[in-house]
Number of protein chains: 2
Amino acid sequence: MPAQRPARRSPAMDALSQDTKSRILDAAESLFTAHGFEATSLRQLTTAAGVNLAAVNYHFGTKEELFQAVLTRRLDPMNQERIDLLARYEREAGGRPLSCEKILSAMLIPALRLSRDEKRGGKDFLRVLGRAYADPAPFIRSFLSEQYAEMISRFKDAFLKALPHLTKQELTWRLHFVMGALSYTLAGTDALKLMAHVLPNDKDNDEMLLQRLAPFLAAGLKAPLGDTKKLELVSGT
Amino acid sequence: MPAQRPARRSPAMDALSQDTKSRILDAAESLFTAHGFEATSLRQLTTAAGVNLAAVNYHFGTKEELFQAVLTRRLDPMNQERIDLLARYEREAGGRPLSCEKILSAMLIPALRLSRDEKRGGKDFLRVLGRAYADPAPFIRSFLSEQYAEMISRFKDAFLKALPHLTKQELTWRLHFVMGALSYTLAGTDALKLMAHVLPNDKDNDEMLLQRLAPFLAAGLKAPLGDTKKLELVSGT
DNA sequence: ACGCGATTCAAACGCCCGTTTGAAACTATC
DNA sequence: GATAGTTTCAAACGGGCGTTTGAATCGCGT
């Protein structure tokens with residue numbers, strides 16, 4: 001088992017050669033992004049990180065626990081930031097309900113910050129996260145459930161006040177769609193190639209992306225309740 | 001290699017015991033849904049299908065080709081149906097641009113049909129598809145690109161006419177969001193547990209789901225262009 | 001300088017993977 | 001009913017997997 005207080009390294013420990021644990025986390029983040037959880041082997045991972053094969057099991061226990069560690073390292077602070085930002089907005093509004101766009105900002109801005117603040121890890125992480133949303137593995141699903149429970153609950157309350165024409169159930173669905181568009185968008189830069197060669201490939205891609213996503217989601221959330229007859233199945237031909 | 005014209009089976013070949021190829025495809029569809037591509041082994045797959053281990057390689061070549069076969073079997077007809085339905089709507093409209101909702105219907109109705117028409121395969125398939133969208137594996141990405149190219153291009157043209165206030169580039173992004181919300185929604189019934197215990201667990205779940213999704217997406221597509229200043233990064237605290 | 005816990009390391013463990021093989025079983029045709 | 005082609009089958013192949021082990025190494029407190 002790893003020590004509670006890790007031993008210090010030799011005299012020069014610069015930013016380039018971090019400690020083993022961080023090196024593993026960084027390599028894992030990027031490799032899980034590139035190949036997915038199952039398709040990433042601990043051998044390629046430890047090689048990429050420049051550490052011994054056994055280091056993963058020593059520091060994290062199992063491969064699954066490593067994956068959870070990859071997620072928590074960034075997800076925990078990001079969701080906390082979301083909650084704090086929402087609380088701050090609510091304080092500033094002093095009782096009056098927040099606008100839909102404002103609440104969305106509280107969700108998107110921390111994600112946007114994350115994608116830009118890190119040297120490289122930020123974007124990789126958001127992609128890992130986007131993929132994790134769609135992963136059926138139980139240990140991933142239950143882990144995400146726990147991680148998100150509080151944040152989702154708070155934002156649902158906020159949205160309920162901002163969108164009084166929606167029932168609780170309708171809002172649940174729409175939040176589901178929001179999370180879908182968000183995670184998919186974060187997960188798949190490549191996916192854009194499905195439909196276009198338009199991508200300008202900027203460096204601040206993600207900022208532009210979220211600035212386009214926000215109005216789209218806000219409009220969707222504010223939409224009037226659907227007409228039940230709209231999607232009637234059309235018979236043949 | 002498999003024969004061009006498969007030999008006929010013994011006298012009684014009822015619906016319950018299909019031919020080997022279909023049995024493999026069905027089992028693959030459901031197992032890829034449950035565990036993902038990488039995490040599904042050919043041994044559990046062939047066991048579940050009640051066929052010999054070597055049957056997959058005999059009939060499909062490799063595991064990857066099997067996965068592509070799983071996708072094409074249903075994706076090809078579904079996308080063709082989408083294109084045909086859109087063409088029919090355009091014909092009926094006679095020159096006038098279609099409404100956003102109408103175009104969305106042409107995308108969603110074939111998916112909805114698929115999810116209901118099959119005995120069991122339909123829903124499983126849509127989940128496999130939703131997951132495939134987020135998969136980084138190159139053979140999946142390029143395969144989907146090809147499969148979707150024509151459909152996406154046609155719908156983009158239609159949306160461009162329906163939404164003249166959008167630039168081509170803006171529309172590309174919004175279509176991206178649409179595909180995101182759609183695929184995520186199709187992929188993850190489980191994901192709903194992230195935020196609620198509301199799910200009524202109906203049989204015609206998917207129909208209700210898409211009827212809620214359509215107004216949401218239509219509103220998002222029709223949203224005015226975003227305010228560039230909206231998502232400004234807020235400084236600390 | 002020594003001891004001790006924390007960490008690294010090379011090697012091995014047992015297991016399951018995707019694929020291949022060659023013979024057996026089957027079926028349609030002559 | 002022999003023949004040729006298609007499909008099934010049991011068995012094996014080589015290799016990579018996640019994890020464990022036990023010894024070597026490191027770095028600090030005393």
Tell me every residue that passes side chain to side chain donor-acceptor pair (under 3.5 Å) with [X], counting only those two or more places apart in sequence or in another chain.
| X | value |
| --- | --- |
| A/Ser22 | A/Asp19 |
| A/Ser41 | none |
| B/Gln80 | B/Asp84 |
| A/Thr62 | A/Glu65 |

Among residues at least two apart in sequence or on other chains, which ones pass side chain to side chain contact (heavy atoms under 4.5 Å, CB included) with A/Asn52?
A/Ala54
Please determine whether a side-chain nitrogen or oxygen atom of B/His59 lies at a distance below 4.0 Å from atom OP1 or OP2 of D/dT8.
yes
Spacing of [X] atom [atom1] relative to [N] atom [atom2], expressed in whole Å:
| X | N | atom1 | atom2 | answer |
| --- | --- | --- | --- | --- |
| B/His35 | C/dC16 | NE2 | P | 15 Å |
| B/Phe60 | C/dT19 | CZ | P | 13 Å |
| B/Ile24 | C/dT19 | CD1 | P | 13 Å |

Quick one: what's the B/S/- string for nucleotides 15-21 of chain D, heavy-atom cutoff under 4.0 Å, read 5' to 3'?
--BBBBB
Under 3.5 Å: donor-acceptor pair, side chain of A/Arg174, backbone of A/Leu221
yes
